[in-house]
There are 2 protein chains.
Amino acid sequence: MKNYVRDKRMAFGMTQDELSEKLDVSRQTIISLEKGKYNPSINLAFKLSRLFTCTIEDLFIYEEEDKDV
Amino acid sequence: MKNYVRDKRMAFGMTQDELSEKLDVSRQTIISLEKGKYNPSINLAFKLSRLFTCTIEDLFIYEEEDKDV
DNA sequence: GCTTTACGTAAAGTTTACTTTACTTTATAC
DNA sequence: GTATAAAGTAAAGTAAACTTTACGTAAAGC
């Protein structure tokens, strides 16, 4: 899932470390998120959208998985 | 996290079993979700909002955790 | 050239979302 | 009264989100 966390963070002039503290997650979590290593939990997605004053849909781009069924 | 999955499902006249198949998750997942046993992944949240033609914010009510820090 | 700041990687460990199986309950319908 | 459909519980297992620690790199400032 694509996301705009990095863009938003930078628009807010924050470091990864600052962001991680505000969201109460580890810096690793932010790094991995921005790198697209994994998807956030819905809790983290909500926290991010609140902080950046946007919707989850604005921040994360969902594309249907190619269901191999 | 509160959610309106049950309401939406019923509004769409679906059984838990039908919903689980459409979303490609187990029936247990739907039961537990509706019962509030755990929060959905952001993927599942997106799937649900797409199916019910609403936003994630419409379907799930986020309340800041009382951070014990 | 050393220090500090910001970003990055790797890997092992914990927590939680989700699956699977198996069995229970309630209601409807023949 | 038993068969079937829909909802539920419990518990053990797997997968993925997130943490923790420790170390690497590049740029900026002195």
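To find a chain, count down the sequence lines: A is the first, B the second, and so on, and within it residues start at 1.
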At their closest point, which heavy atom of A/Pro40 faces which heavy atom of B/Ile42, and how far apart are they?
O-CG2, 3.3 Å
Trace of the salt bridge (Lys or Arg N to Asp or Glu O under 4.0 Å) decision for B/Arg27 with B/Glu21
CA-CA 8 Å; B/Arg27 189 170 61 93; B/Glu21 279 180 14; over 6 Å; no
Any heavy-atom pair between the side chains of [Y] and [X] that's under 4.5 Å?
X       : Y       : result
A/Met14 : A/Lys22 : yes
B/Phe60 : A/Phe46 : yes
B/Leu19 : B/Phe12 : no
B/Asn3  : B/Lys8  : no

Are A/Ser41 and D/dC18 close enough that a side-chain N or O sits under 4.0 Å from OP1 or OP2?
yes
What's the [atom1]-[atom2] distance between [X] and [N], to the nearest Å?
X       : N      : atom1 : atom2 : answer
B/Ile42 : D/dA16 : CD1   : P     : 16 Å
B/Asn39 : C/dT16 : CG    : P     : 10 Å
B/Gln16 : C/dC18 : CD    : P     : 15 Å
B/Glu18 : D/dA5  : CD    : P     : 12 Å
B/Phe60 : C/dA17 : CZ    : C1'   : 13 Å
B/Lys47 : C/dC18 : NZ    : C1'   : 11 Å
B/Leu19 : D/dA7  : CG    : P     : 10 Å
B/Met1  : C/dA17 : CE    : C1'   : 13 Å

Below 4.0 angstrom, which residues in residues 26-37 of chain A have at least one non-hydrogen atom near DNA chain D?
A/Ser26, A/Gln28, A/Thr29
